[in-house]
There are 2 protein chains.
Amino acid sequence: MKRMQSTADARAGHLARCSLLTGLADEELRALAGVARLREYGDGESLFVRGGEAEGFYVVVSGKAKVCRFGTDGREQVLHVFGPGEPCGEVPVFQGGKYPATAMAVGALRALYLPRHGFLEVGKKRPELLLNMLAVLSVRLRHFVQLVDDLALKEVSARLAKHLLDLSARARGARMVELDTTKTMLASRLGTIAATLSRTLAKMQRLGAIRTKGKRVWITDRDGLQALAAGMKLDGK
Amino acid sequence: MKRMQSTADARAGHLARCSLLTGLADEELRALAGVARLREYGDGESLFVRGGEAEGFYVVVSGKAKVCRFGTDGREQVLHVFGPGEPCGEVPVFQGGKYPATAMAVGALRALYLPRHGFLEVGKKRPELLLNMLAVLSVRLRHFVQLVDDLALKEVSARLAKHLLDLSARARGARMVELDTTKTMLASRLGTIAATLSRTLAKMQRLGAIRTKGKRVWITDRDGLQALAAGMKLDGK
DNA sequence: ACGGCGCCTTGACTTAGGTCAAGGCCGCGC
DNA sequence: GCGCGGCCTTGACCTAAGTCAAGGCGCCGT
C-alpha cells in the first residue's frame, strides 16, 4: 500500500462524488477531506484483514475492492465487490472492534481512508450524514439477506442465472454481457468453485439458454434463464 | 394480530428498556411512545411478510420473533431470532421500499410498532439515536457475515458445535445447555433440516462430545466441540 | 387411561456439488 | 516463434446432506 500525495481539494472532489455524502455543505465536505488520506493498492493487496483493529473506513476512488472470508481449507467466499464511490469497512466505525472480513484490491485500486473520529464529528452536527449511512447499511443488509437466501435455498444454476440477468439489467437489458471478473472469482462470489461454474455454464449452453465465448455471454433465452433463476432444475424440473 | 390498549406511560416503559434508545431524554422517549402502538401475536402469526410495504418497524416487548425466508420448495432459512428489547424490520425505514423477509411470532409475542416518520423526526433532533441505530445495524451485519461464512464454508457439524458453545457461553459457561427452540427450527437456523440435525447430534454423542436428553445437552468434551467448530470432521479429520 | 398429533429419530436412497488431476487455451516476455 | 504460467474446462470419483417414509416418544385434552 502506498500513501499518496494528494491535495485536500482533490480529496474533497472524490468525496463529493460519493452518494454517502450527498446533502453535505461544502464546509463539511472540506472538513472530512482534511482528515481523509488517499491510499493506493496493487492487485491482491489488502486494505484490511479480518480481525484487524479498525480506526476508520474506506471509500473506493477508482478500481475495485472485494470483501471476503476464507474457510479453514482455503476456500473463499466473496461478500461484496465495491466500485468507485462505495464505502467499505464501515461496520466497526459504529460498533467498535475489529473488521469482520478481509478486503483486497482487485486490480489497481485507489481509496480514501476516513478516520472514524472525523466522520462521527461531522455526523453529530449533520444527522443527514448519519441517515445516509443508515441507508448504506440498509442496502448492505438487503444484499446479505439475498446472499443467505441464495446460499441456503438456491442451487448454483439459479444463482448463476440470476447473476447473468442482473448483469444484463445493469447494461440496460443488453443481450450480451461481459463477466466483470475472472471466472474463479465469480465462482466464489456465487458460493461455489470454478469447476462447478464451468460445468453449469456448459449445461446452460447445451440447454440453449446462453452462448459463451471467453468472458462474453449471450443470453439466447431470457425466459429460460428466468425460469432457472426461479428454481427450475437444469434438466427441466 | 391484536391491537392492544396500552397507556403511553406503559409504552414509554417498554421503550426505555431497549438499548436502541439509551441516551434519549424523557421527553423524546415520551414522543416516541406517543406514536408507538402495542400489538399482540399468537404463535406463528406474522408481523410482516416479505415484499410487504413498510411504514415502520417493531421492537419486541415480550416473547420471540423469528425472521426468515422461504425457498420455492418451502424450505425455510431463519435469518434472526429476536428477543425482548430488540428492534426488528428496520431496514426499509432508512431505505424505503419493502420488507426483505418475513417475521413471525414464536409463541406468544408482544411488540411495539414504531412508525418510521416519528422515529426519523426524533432522530434528526438527536443524532445519538441514529448512532445507536447504526450500531444495531452494524451488529446485524456482523451477524450476517458470520451466517454467510457458516453456510458457505462450514459444514453442519461445525455450525452445530459452534451454536452449542455459544449457548453455553451465554449461560456463563454452563456445562448443560437447553435448546431454546424446537429442533426443527434450530435446524433451519443452522441452514439445514431436522433429520440432518438429529443425525449430527447422534454422531457427536457417539463421539463422546455431548450427551443429549430431549432439549437438554450436556457438553462432555468442550475441546472436542471446539475442534469440530473449527472445522474438524466428525470422523476425526 | 387412552387416543391422537407434533415432533423427533432412523434407515435406505439420491443427488448436488466438491476434490483431484489431466489436459487445453491464451497472453506475455524473451 | 517458443515456452511458461494462469486460468479454464472436463472427466472420474466421493461425500455431505437432502428426500422419503416408517416408526417411536411425549404431551395434551377428554
Side-chain angles (χ1 to χ4, degrees), chain A residues 43-44 70-77 106-107 150-161 178-207 210-217 228 231-237, chain B residues 43-44 70-77 106-107 150-161 178-207 210-217 228 231-237:
Chain A
D43 184 39
F70 299 89
T72 41
D73 54 359
R75 245 165 74 224
E76 176 186 11
Q77 172 68 49
V106 181
D150 286 354
L151 289 172
L153 305 170
K154 302 239 175 82
E155 25 205 302
V156 172
S157 56
R159 296 177 227 160
L160 175 55
E178 186 129 12
L179 301 181
D180 42 348
T181 65
T182 140
K183 288 191 184 169
T184 305
M185 183 166 146
L186 173 58
S188 69
R189 248 222 263 189
L190 298 178
T192 183
I193 55 171
T196 299
L197 176 62
S198 196
R199 279 189 255 269
T200 310
L201 280 168
K203 269 191 233 158
M204 285 183 173
Q205 186 149 3
R206 242 172 283 137
L207 254 188
I210 58 172
R211 273 216 44 229
T212 67
K213 178 106 193 272
K215 283 195 183 318
R216 304 199 170 171
V217 179
L228 285 173
M232 200 194 65
K233 302 291 174 64
L234 265 172
D235 46 35
K237 190 106 261 186
Chain B
D43 184 40
F70 298 89
T72 42
D73 53 1
R75 246 166 72 225
E76 174 185 12
Q77 172 68 48
V106 181
D150 286 353
L151 288 172
L153 305 170
K154 302 238 174 79
E155 26 202 303
V156 172
S157 56
R159 293 177 228 160
L160 175 55
E178 185 129 13
L179 301 182
D180 42 348
T181 65
T182 143
K183 289 193 185 168
T184 306
M185 183 167 147
L186 174 58
S188 68
R189 248 223 263 189
L190 298 178
T192 181
I193 55 172
T196 300
L197 176 63
S198 194
R199 280 189 252 270
T200 311
L201 280 168
K203 270 192 233 159
M204 284 183 173
Q205 185 149 3
R206 241 171 285 138
L207 254 186
I210 58 173
R211 273 216 45 226
T212 67
K213 178 104 191 274
K215 284 196 181 319
R216 302 196 172 175
V217 180
L228 285 173
M232 200 194 66
K233 302 291 174 63
L234 266 171
D235 46 35
K237 192 101 254 192

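On a predicted model such as this, the values are computed, not experimentally measured, just so you know. Residue numbering restarts at 1 for every chain, and letters A, B, ... go by the order of the sequence lines.
Here B:Thr192 reaches the OP1 or OP2 of D:dG18: one of its side-chain N or O atoms lies under 4.0 Å away. For D:dG6, neither phosphate oxygen OP1 nor OP2 lies less than 4.0 angstrom from any side-chain nitrogen or oxygen of A:Lys183. Phosphate contact (OP1/OP2 of C:dG6, side-chain N/O of B:Thr184, threshold under 4.0 Å): absent. At C:dG17, none of the side-chain N or O atoms of A:Thr196 fall inside 4.0 Å of OP1 or OP2 (strictly under the cut-off).
Rounded to whole Å, the distance from CZ on B:Arg159 to P on D:dA16 is 13 Å. Between the NZ atom of B:Lys215 and the P atom of D:dG26 there is a distance of 13 Å, rounded to whole Å. One interatomic measurement links the two molecules: CG of A:Leu179 to C1' of D:dC7, which rounds to 13 Å at whole-angstrom precision. The CE-P distance, from A:Met185 to D:dG6, rounds to 18 Å in whole Å. Atom NZ of B:Lys213 and atom P of C:dC7 are 21 Å apart (whole Å). In this structure, B:Leu151 atom CG and C:dG17 atom P are separated by 14 Å, rounded to whole Å. The CG atom of A:Asp73 sits 16 Å away from the P atom of D:dT15 (whole-angstrom rounding). Nucleotide C:dT10 holds its P atom 12 Å from the NZ atom of B:Lys203, rounded to whole Å.
Side-chain atoms of B:Arg75 do not come within 3.5 Å of backbone N or O of B:Ile193 as any donor-acceptor pair. In terms of modelled atom types and a separation under 3.5 Å, the side chain of A:Lys183 and the main chain of A:Ala195 share no donor-acceptor contact.
Exactly one of B:Lys215, B:Lys213, B:Arg216 qualifies for a salt bridge (charged side-chain N to carboxylate O under 4.0 Å, His left out) with B:Glu178. That residue is B:Arg216.
For A:Ala195, whose side chain is taken as the heavy atoms from C-beta onward, the closest listed nucleotide among C:dC8, D:dT19, C:dT19 is C:dT19. Residue A:Glu155 places its side chain closer to C:dA16 than to any other of D:dC8, C:dA16, D:dT19. Each of D:dT10, C:dT19, C:dT9 was ranked by its minimum atom distance to the side chain of A:Ile193; first place goes to C:dT19. Relative to the side chain of B:Thr182, the nucleotides C:dC7, C:dA16, C:dT19 differ in distance, and C:dC7 lies closest.
B:Ala152 approaches A:Leu151 most closely through the heavy-atom pair CB-CD1, 4.0 Å. Nearest approach of A:Met204 to A:Leu234, heavy atoms of both residues: CG-CD2, 4.0 Å.
On a pure distance criterion of 3.5 Å, a polar donor-acceptor pair joins the side chain of B:Arg199 and the base of D:dT19.
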